[in-house]
Visitor: 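First the structure, then my questions, so here it is.
Numbers restart at 1 for each chain; the letters A, B, ... are given by sequence-line order, proteins then strands.
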2 protein chains.
Amino acid sequence: MTKKKKAPTSWDVARLAGVSRSTVSFVLNNTPGIKISEETRRRVLEAVKILDYKPNAIARSLAKQKTEAIAFFVLDIANPVFPNMARGIEDVARHNGYTLLLCNTDGKSLRELRYMNLMLERRVDGVIVGALSNEEVSRLARKKNMPLVILEHPRLHEHDVVYADNIQGSYEAVKYLIELGHTRIAHITINPESIIVRERIEGYKKALEDAKIPFDENLLKIFYDQVNEETAINELFSLPNPPTAIFAFSDFMAIQIMKILIKRGIRIPQDISIVGFDDTLANLTIPELTTVSQPFYEMGVKAAEVLIERLKNPDLPIQHIKLPTKLVIRDSTAPRK
Amino acid sequence: MTKKKKAPTSWDVARLAGVSRSTVSFVLNNTPGIKISEETRRRVLEAVKILDYKPNAIARSLAKQKTEAIAFFVLDIANPVFPNMARGIEDVARHNGYTLLLCNTDGKSLRELRYMNLMLERRVDGVIVGALSNEEVSRLARKKNMPLVILEHPRLHEHDVVYADNIQGSYEAVKYLIELGHTRIAHITINPESIIVRERIEGYKKALEDAKIPFDENLLKIFYDQVNEETAINELFSLPNPPTAIFAFSDFMAIQIMKILIKRGIRIPQDISIVGFDDTLANLTIPELTTVSQPFYEMGVKAAEVLIERLKNPDLPIQHIKLPTKLVIRDSTAPRK
DNA sequence: TTGTACGCGTTATCAA
DNA sequence: TTGATAACGCGTACAA
């Protein structure tokens with residue numbers, strides 16, 4: 001029933017304006033080095049208005065051999081760590097005339113690979129990947145020379161990288177606890193297959209070392225599979241010399257820990273200090289959480305900027321950009337009693 | 001310096017396999033009704049493998065007149081209300097072979113309009129919009145007959161709509177508080193220019209009415225500009241008959257309120273009950289927040305499903321799908337003392 | 001079963 | 001200053 005009126009083409013515009021298709025193109029793109037008489041230009045623009053003509057970006061992409069689109073591979077857009085990154089990327093992309101494609105990978109390397117192939121088919125101009133789980137994706141990008149920016153600590157891959165200084169962040173958090181007088185500081189974390197996990201452990205150990213506090217492996221709780229804060233707390237508190245401060249891998253984990261502690265009548269920060277990481281949820285808790293703030297938005301912005309720079313100039317040397325993290329002191333930490 | 005090796009085309013494959021271009025296309029697309037000899041097929045596939053050929057989706061889109069891409073207009077991807085929607089949309093899109101374009105509008109109607117025009121140029125197959133701020137966008141979609149699904153209570157527009165039952169959610173929350181014995185129930189909310197705000201007020205009033213509790217306008221705090229929970233609390237508590245329960249517009253607002261109350265030594269839920277809305281942050285607080293849970297993920301899923309259905313069958317009658325909200329009772333509510 | 005030729009809507013290169 | 005005309009890479013009707 002619906003009238004299948006097809007969208008007008010530049011040909012329709014040309015005919016209505018009584019000029020050739022190329023002239024239409026010249027007018028609409030203000031093609032440099034080409035002069036169009038005022039009268040012709042007026043006629044073309046009027047025809048455009050009358051027909052409500054919108055150039056077909058697909059055809060343009062085919063002709064120009066670029067799509068002005070970039071893709072963002074995100075582990076999980078519903079994880080509070082990523083939305084601000086996405087925002088940063090989108091802001092920069094939009095300002096530069098690029099469209100953003102969102103690819104949720106769920107950290108599954110197969111899906112990541114599939115998406116990479118899809119983006120290769122779609123001929124996006126470049127890809128930003130949140131956390132790379134599949135080295136094959138990196139190789140593919142290189143092989144097909146698809147510009148790729150990785151939001152993660154640089155490893156082997158020869159790609160542009162933007163990352164937050166996890167080691168420093170972790171170091172400062174623990175150093176701060178030490179300055180508060182704590183010497184028994186626990187670190188509860190997840191599977192260290194991810195590099196950021198290892199980095200935070202590294203910062204933790206280094207801060208202890210610099211303060212000449214011997215590392216006690218009983219205070220480092222690593223959950224290789226399912227994280228269980230309850231278990232960790234139980235084990236830590238059954239030590240002969242339990243911790244007076246806990247440094248958690250993330251805000252989310254810190255909050256779970258806080259809940260357990262409060263349920264047991266342990267007061268924060270009077271009885272124990274808690275520090276999180278990310279600063280995504282830290283200002284929502286009561287007491288508000290001391291945490292290491294990651295510059296997620298800026299990371300997104302920087303990643304998009306680096307990518308777009310590279311699109312303009314493919315021969316640029318590879319960049320590794322480290323963004324600082326910052327300790328944000330709130331109410332979940334206090335001097336050791 | 002970098003070798004500008006261009007991506008192989010179907011022509012390259014055809015030449016290597018010693019067949020015609022159409023044969024390549026037939027093999028790769030398994031074109032129905034066309035039989036290809038095993039030998040030919042093998043040769044083609046081998047050539048594809050050797051060249052690592054990836055079909056150019058842009059060219060395909062141009063030829064087939066569809067892009068297999070949909071766009072999601074989101075108010076603010078960093079607002080915890082939206083990521084789960086985005087996930088739902090992405091999941092469904094991916095399963096159906098569609099790619100998702102993310103358009104952050106910041107609720108600015110101009111940007112929304114610009115993005116609509118851009119998506120029209122890009123010839124996406126359809127658009128899902130989180131909350132429509134610009135009626136012009138709706139008109140444009142209609143005019144250009146671009147399928148549009150709106151995630152919001154149906155208003156005038158003749159488009160498919162998927163929305164959560166805000167009135168019911170609000171009603172149940174207040175009803176629950178009444179059942180707990182509360183009669184002085186405050187509602188703190190934002191500018192009612194948005195329809196969901198008005199709906200929640202409506203549900204609030206209706207629950208009071210059904211319980212024969214007279215509506216007291218002193219208990220309804222509306223912030224037209226900047227929300228200031230502190231002011232609201234001050235005013236409410238200086239009433240001769242202050243509230244014993246507060247129903248907040250959102251989880252976020254509820255949390256701000258909780259912080260203020262706790263700071264003043266008021267205990268939750270012993271001294272006052274608090275209810276939020278959204279269920280995005282409600283399980284992070286201490287005590288955990290009783291709230292009205294919105295099915296964000298399902299809304300995204302449903303919206304994408306409706307859109308894709310319509311793409312398959314444009315003549316389908318318009319759908320208005322209402323999804324239920326659900327009261328989730330946690331620890332921030334208790335019987336009135 | 002395979003090949004030819006045209007269409008998709010632009011941009012770009014030459015002539016005029 | 002403008003107009004033909006050839007890419008761009010693929011799908012597909014039609015012919016062989």
Visitor: Starting from P on C:dT2, measure out to CD on B:Glu38 and report it in whole angstrom.
Guide: 11 Å
Visitor: Can you measure B:Arg42 atom CZ to C:dT1 atom C1' for me and round it to whole angstrom units?
Guide: 17 Å
Visitor: For the base of C:dT4, is there a side-chain donor-acceptor partner from B:Ser22 under 3.5 Å away?
Guide: yes
Visitor: Heavy atoms under 4.0 Å, any strand shown: does A:Thr40 hit a base, just sugar-phosphate, or nothing?
Guide: sugar-phosphate
Visitor: Tell me whether the side-chain N/O atoms of B:Thr23 come closer than 4.0 Å to OP1 or OP2 in C:dT2.
Guide: no
Visitor: Determine, for B:Glu90 against B:Arg94, whether the closest basic-nitrogen to carboxylate-oxygen distance falls under 4.0 angstrom.
Guide: yes
Visitor: With a 4.0 Å cut-off on heavy atoms, is B:Val19 in touch with a base, just the backbone sugar-phosphate, or nothing at all?
Guide: sugar-phosphate
Visitor: So what does A:Ile58 hit on the nucleic acid, given a heavy-atom distance under 4.0 Å: a base, only sugar-phosphate, or nothing?
Guide: nothing
Visitor: Where the side chain of B:Ala63 is concerned, which of C:dT10, D:dC10, D:dT2 is the nearest nucleotide?
Guide: D:dC10
Visitor: A:Leu62 CG to C:dC8 P: how many Å, rounded?
Guide: 14 Å
Visitor: Write down the distance between OH (A:Tyr53) and P (C:dT10), rounded to a whole number of angstrom.
Guide: 3 Å
Visitor: Could you check whether A:Ser22 and A:Ser25, counting side-chain N and O atoms only, form a donor-acceptor pair closer than 3.5 Å?
Guide: no
Visitor: Give the nucleotide from the list C:dG9, D:dT2, C:dT1 with an atom nearest to the side chain of B:Lys35.
Guide: C:dT1
Visitor: Find which nucleotide of DNA chain C each of B:Arg41 and A:Lys54 is nearest to by heavy atoms, and output the residue with the more 5' nucleotide.
Guide: B:Arg41
Visitor: Can you measure B:Arg21 atom CZ to C:dC6 atom P for me and round it to whole angstrom units?
Guide: 13 Å
Visitor: Output the rounded distance in Å from CG (B:Asn56) to P (D:dA7).
Guide: 18 Å
Visitor: Taking atom P of C:dT10 as reference, at what distance in whole Å does atom CZ of A:Phe26 sit?
Guide: 15 Å
Visitor: Does A:Ser37 or B:Ile34 map to a spot on DNA chain D nearer the 5' end, using the closest nucleotide for each?
Guide: A:Ser37
Visitor: May I have the distance from A:Arg15 (atom CZ) to D:dG3 (atom C1'), rounded to whole angstrom?
Guide: 16 Å
Visitor: Which of these nucleotides, D:dG3, C:dG3, C:dG9, is closest to any side-chain atom of B:Ser20?
Guide: C:dG3
Visitor: Going by atom types alone, do B:Arg41 and B:Asn30 pair a side-chain donor with an acceptor below 3.5 Å?
Guide: yes
Visitor: Give a yes/no answer on whether the side chain of A:Gln65 brings an N or O atom under 4.0 Å of OP1 or OP2 in D:dG9.
Guide: yes
Visitor: Just to confirm, is there a sub-4.0 Å distance from OP1 or OP2 of C:dT10 to any side-chain nitrogen or oxygen of A:Ser25?
Guide: no
Visitor: Rounded to the nearest 0.5 Å, what's the gap from CD on B:Glu152 to CD1 on B:Ile195? Could you check?
Guide: 6.5 Å
Visitor: Have B:Tyr297 and B:Asp91 got a donor and an acceptor in their side chains that come within less than 3.5 Å?
Guide: yes
